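A short write-up of the structure that comes next.
Residue indices begin at 1 and follow the sequence shown. Everything numeric here is computed off the predicted structure, so don't read it as measured data.
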Amino acid sequence: QAQLVESGGGSVEAGGSLNLSCVASKLPWSSGGYCMGWFRQAPGKGREGVAAIDDDRTPNTEDSTGGRFTISRDKRKNILYLRMTDLQPDDTATYYCAAQPFPCSPGTVLRGVNKYWGQGTQVTVSS
């Protein structure tokens with residue numbers, strides 16, 4: 001069955017960086033491919049979109065990241081990445097990746113109605 005597996009989370013001090021990865025496997029064939037994205041959920045808060053990317057690797061990153069996060073993907077390896085720099089305590093959350101089959105766009109991914117979700121990886125930033 002389809003599976004998204006995140007990795008790369010951990011604990012860092014403020015100002016540090018982390019690289020998250022999400023490996024997609026057994027996604028059903030989609031004629032237009034998949035759009036993918038990253039979300040996060042902090043304790044006691046709702047899930048929020050962070051960044052998304054379409055099948056042609058066109059990205060869309062939410063303004064809340066302040067330009068500190070970069071999304072990319074390796075379609076050949078079926079891996080989605082999130083490069084996070086200058087991390088702050090407010091970035092502490094569980095980070096999830098998601099996938100949506102075509103027709104899709106980074107905007108539709110960030111609306112949160114995605115077909116496939118990973119289990120999440122924890123990111124903790126200390127001050």
Side-chain angles (χ1 to χ4, degrees):
Q1 65 186 40
Q3 194 173 30
L4 301 176
V5 179
E6 304 94 336
S7 63
S11 298
V12 297
E13 294 183 351
S17 300
L18 283 173
N19 296 314
L20 304 185
S21 299
C22 171
V23 178
S25 60
K26 300 181 181 179
L27 291 179
W29 181 81
S30 169
S31 62
Y34 281 82
C35 299
M36 300 186 73
W38 288 98
F39 292 77
R40 65 185 180 185
Q41 187 165 17
K45 296 186 178 179
R47 184 181 60 198
E48 66 169 338
V50 173
I53 191 166
D54 68 14
D55 197 71
D56 289 327
R57 294 185 286 268
T58 300
N60 182 346
T61 306
E62 291 288 20
D63 290 341
S64 60
T65 66
R68 298 175 294 120
F69 294 2
T70 304
I71 189 171
S72 61
R73 68 190 293 179
D74 184 328
K75 287 182 58 179
R76 185 177 63 85
K77 296 180 180 179
N78 291 323
I79 301 177
L80 180 71
Y81 301 100
L82 185 68
R83 167 73 173 166
M84 305 187 295
T85 62
D86 191 25
L87 284 161
Q88 300 300 315
D90 284 347
D91 296 317
T92 295
T94 301
Y95 284 71
Y96 301 88
C97 72
Q100 187 180 104
F102 188 83
C104 60
S105 70
T108 62
V109 172
L110 289 173
R111 289 191 199 119
V113 184
N114 296 292
K115 188 167 185 178
Y116 302 104
W117 291 88
Q119 294 300 305
T121 185
Q122 178 66 36
V123 172
T124 302
V125 185
S126 58
S127 57

>> Which residue in the set L82, D91, V123, T121 passes side-chain contact (heavy atoms from CB on, under 4.5 Å) when paired with R40?
In response: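 The side-chain contact (heavy atoms from CB on, under 4.5 Å) with R40 is passed solely by D91 among L82, D91, V123, T121.
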> With under 30° as parallel and over 60° as perpendicular, where do the rings of Y116 and Y34 fit, or are they tilted in between?
Replying inline: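 Judged by the thresholds at 30° and 60°, the geometry between Y116 and Y34 is tilted.
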State, to 0.1 Å, how close [X] and [Y] come at their nearest heavy-atom pair, and which atoms those are.
X: S17; Y: R83; value: CB-NH1, 3.8 Å
X: M36; Y: A24; value: CE-CB, 4.2 Å
X: F102; Y: S30; value: N-OG, 3.4 Å
X: L80; Y: G37; value: CD2-O, 3.7 Å
X: K115; Y: P101; value: CB-CD, 4.1 Å
X: L27; Y: A2; value: CD2-CB, 3.8 Å

Are any non-hydrogen side-chain atoms of [X] and [Y] less than 4.5 angstrom apart?
X: T94; Y: F39; result: no
X: N19; Y: Y81; result: no
X: D54; Y: S105; result: no
X: P106; Y: I53; result: no
X: V50; Y: T65; result: yes

>> So for atom CD, which belongs to Q122, do other residues, nucleotides or ligands contribute more than 12 heavy atoms lying within a distance under 6.0 Å?
In response: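 Yes.
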Assigning hydrophobic clusters by single linkage (Ile, Leu, Val, Met, Phe, Trp, Tyr; side-chain heavy-atom cutoff under 4.5 Å), is [X] placed with [Y]?
X: Y95; Y: V12; value: yes
X: M84; Y: L110; value: no
X: I71; Y: Y96; value: no

>> Show, in sequence, the C-alpha distance, side-chain angles and deciding distance for R47 and W117, and conclude whether the side chain to side chain contact (heavy atoms under 4.5 Å, CB included) test is met.
In response: CA-CA 12 Å; R47 184 181 60 198; W117 291 88; 3.4 Å; yes
> So D55 and R73, side chain to side chain contact (heavy atoms under 4.5 Å, CB included) or not? Walk me through it.
Replying inline: CA-CA 9 Å; D55 197 71; R73 68 190 293 179; 4.0 Å; yes
Check: [Y] main-chain N/O paired with [X] side-chain donor or acceptor under 3.5 Å:
X: N78; Y: S25; result: no
X: Q88; Y: D86; result: yes
X: E6; Y: L20; result: no
X: Q100; Y: V113; result: yes

> Between atom CG of N114 and atom SG of C97, what is the distance when rounded to the nearest 0.5 Å?
Replying inline: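 Those atoms lie 10.0 Å apart.
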